[in-house]
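A short write-up of the structure that comes next.
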Amino acid sequence: MLRVIPKARGLLVPVLDMSRKVLGISWLNGSFSAALEGSSLSASWACPTPVNDEPAFASALAEAVRQTSFSGSKIMLVLDHRSLLFHVQETPPGADKLIDQLLERAVEKSQFFPEQAAWRRLSLPSAKGRRRFLLALLPSGFVRGLAELCAAQRLELVGVFPLVSVLAEHLRALPVPEEETVLLGARVGDAIHLLLGKGDGAVLFSRTIVTGASLVAERLVQELNRTRQFAQQQFGAHVSRLFIFGSETFRVIKELPVRDELTIQASPIAEEPLYYARQVAAASPRAALNLAPRSERFKKPLQRLAAVAVAALFCASVAVAVLAQLTVRARERAEANRARQWQAEEQIRSAARTLQRQATRWRAFVDVVGSTNDAPVAELFARYLATAVPDAIRLAHVDLHKGPAGWSCRLEGFAREQAEGFLAQMEDFERKLRTGIFNLRITDSTYQRLLAGTAQPAGARSNERAFFITATIQ
Amino acid sequence: MSDITQRVGQRLVQQLTRPCFALPLVMVSIALLAFSLMRLSRACGTAVPVHASELRPIPAGAEVVSAETVTELQTIARTAAEQLVHDRAEVPRILSRLEQSARALGLQIDISIKPSRTNAAGFQELIIRPVLIRLEHRDQPAFPRVLEWLRHASTTGRKVEVNALTLQSQAEGLASAQAELYFWSINTHEQSAAK
């Protein structure tokens, strides 16, 4: 079925997402119809009996779901009900938030219903510098009850619109100038709904006249005149044309004995039985005058958002915990590996040091203890002296001892006077000692002192001169 | 299928948003998150501690010694140690032999034992037992006899070292000789303990 969606400037903003599955329901003064709109689905059902109360609404809703094989969850409802009121309220100029607060207080003060009212507003043309709003009001318990009835059937009531929301689309389709104020009438169930508005689609007022099964001409004329007077008083608008939606209704009403200045015309939009249900099914829940409880409308997305947030928080915490655990474990493993590596390295170093210490010790031990082949230095030196001392030299005292730095010796004796002289004799003797097998290093001697002029030779005998030599064995 | 998924999703959403379920879950998540972040920051913000003391370095240029080298050196040292006096009672016997050889060479001998020196050359097991021996001649020539006796002293089969030698002459010959002998002893008990 091809459906023409009206221009998107009215109260019902159509949703172009055709994949969604929404069950549109019109419940207009006891007349219940349902139309299913979806990507490939199109089904409808009209309740054959009047639906006058909430239990009947619940039954009709269940039947509509069954008849249309509706498998979605969203319900959009266009409503005209005896509890639905419209009220024009003036406020001082102000921001929207302030206006809402003022209107809320005004609604509470007015006590339209014994209980709290659910209301939405529609801006009207200002008068004398004061803003004016058309308020659509329903008992909040009634709206909540409808939402609960839907929820009981696992359905979500996302939109509750007054009939004016649908009929406002007609205003723009009427062949009138944008600034002209007209009346649009439509028969809905056992009532006539009158919409006062302009050719540009602006809604001024709306009211429903319950007529019963048959239209009473006098009363209808009376209500039409009252509505025109209201338009004159409130908006200064002269209403000269009345458009009727529905050919049958037009046929009846055009015969009414209204005053000459009111022209009655048929609406150019063709009437179809499920018109309201289809229109509301295509509407957006964000449209104006949606009386569905905000909490209910926003509850699901918020609930979903909260659930996602909780799940995301939990997942994030688990992920971070796993990451932290992995990181900490990795560092612990690295630490343990480093400690093990250090220990192994230290063991190797310790073993190397121990081996080095042992080797040093054994080498020192061998150096100290020596071997059985060590040369008997004292004996050999004594034998050497026997051969190294010239005949002219007589040793009186030989002292040989081993110290920490090695062997050292001190020779004392006397030299007989020779033709070459004492110095030459000593020089020759010391040279022999230095170049001998013991390679003596003479540190002090009589000869050296004589050369340095620090000693005077002394003789034991007349022809002998004493000497000494101190040396170390190289 | 999509309906089942949708219903399961709705049920899950309802469960997750029930305060009795969501509140503990959020608290646990936050606690877990805080604990994890704390552990992570601690782990990443501090250096890895290695619970060990500083590595003691091997001196630069130090010779790398293998176990085989040490064993070889130990064998050499043990062989060298065999020439040491192992039994304290051995010293009087050696001295007795030296005394006999001196007398046989016609030398008068005077022996005086000096106190032992322990911990010789830094080795706990080594003991030096110094003995001072004075030799005097009875007949000339005495020097060759002293040399002969010194030969005897250095061929005892043990490490008997002439640590000092003093020769004193009078007139044309040797009057006396004094030798300080070191009897190198080893305390085998100390040796094993030192190892």
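Values in this document were obtained by computation on a predicted structure and should not be read as measured data. To find a chain, count down the sequence lines: A is the first, B the second, and so on, and within it residues start at 1.
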>> At under 4.5 Å between heavy atoms, what parts of residues 401-410 of chain A are in contact with chain B? List them by residue number.
In response: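 Contacts with chain B: A:H401, A:K402, A:W407.
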>> What verdict does the side chain to side chain contact (heavy atoms under 4.5 Å, CB included) test give for B:F123 and A:R361, after you've listed the backbone C-alpha separation in whole Å, the side-chain angles of each residue and the deciding distance to 0.1 Å?
In response: CA-CA 9 Å; B:F123 291 92; A:R361 176 185 162 80; 3.6 Å; yes
>> Test: salt bridge (charged side-chain N to carboxylate O under 4.0 Å, His left out). Region: residues 14-32 of chain B. Which pairs qualify, not counting sequence neighbours?
In response: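 The answer is none; no pair qualifies.
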> Does the side chain to side chain contact (heavy atoms under 4.5 Å, CB included) test come out yes or no for B:L165 and A:V398, once each step is laid out?
Replying inline: CA-CA 8 Å; B:L165 177 67; A:V398 175; over 6 Å; no
Examine whether an atom of [X] lies under 4.5 Å from a heavy atom of chain A, and if so say whether it belongs to the side chain, the backbone or both; otherwise answer neither.
{"X": "B:S66", "answer": "backbone"}
{"X": "B:E161", "answer": "side chain"}
{"X": "B:L73", "answer": "both"}

For [X], is it the side chain, the backbone, both or neither that has a heavy atom under 4.5 Å from a heavy atom of chain B?
{"X": "A:V322", "value": "neither"}
{"X": "A:A336", "value": "neither"}
{"X": "A:E412", "value": "neither"}

> Hey, which of A:Q356, A:R353, A:Q358 is the one that makes side chain to side chain contact (heavy atoms under 4.5 Å, CB included) with B:V65?
Replying inline: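 Considering A:Q356, A:R353, A:Q358, a side chain to side chain contact (heavy atoms under 4.5 Å, CB included) with B:V65 is found only for A:Q356.
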> For chain A, which of B:T69, B:L150, B:L12, B:V70 has the most heavy-atom pairs under 4.5 Å?
Replying inline: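 Highest number of heavy-atom pairs under 4.5 Å: B:V70.
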>> I need the residue from B:L37, B:L147, B:V26 with the largest number of non-hydrogen atom pairs under 4.5 Å to chain A.
In response: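 When all of B:L37, B:L147, B:V26 are compared, B:L147 has the most.
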>> Determine whether B:V162 and A:V377 satisfy the following criterion, side chain to side chain contact (heavy atoms under 4.5 Å, CB included), listing intermediate values before the conclusion.
In response: CA-CA 8 Å; B:V162 179; A:V377 175; over 6 Å; no
>> Using side-chain heavy atoms (C-beta onward) and a distance below 4.5 Å, is B:I186 in contact with A:F365?
In response: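 In contact.
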> Do any N or O atoms from the side chain of B:S169 and from the backbone of A:L395 form a donor-acceptor pair under 3.5 angstrom?
Replying inline: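 Yes; judged by distance alone, with no hydrogens or angles, the pair exists.
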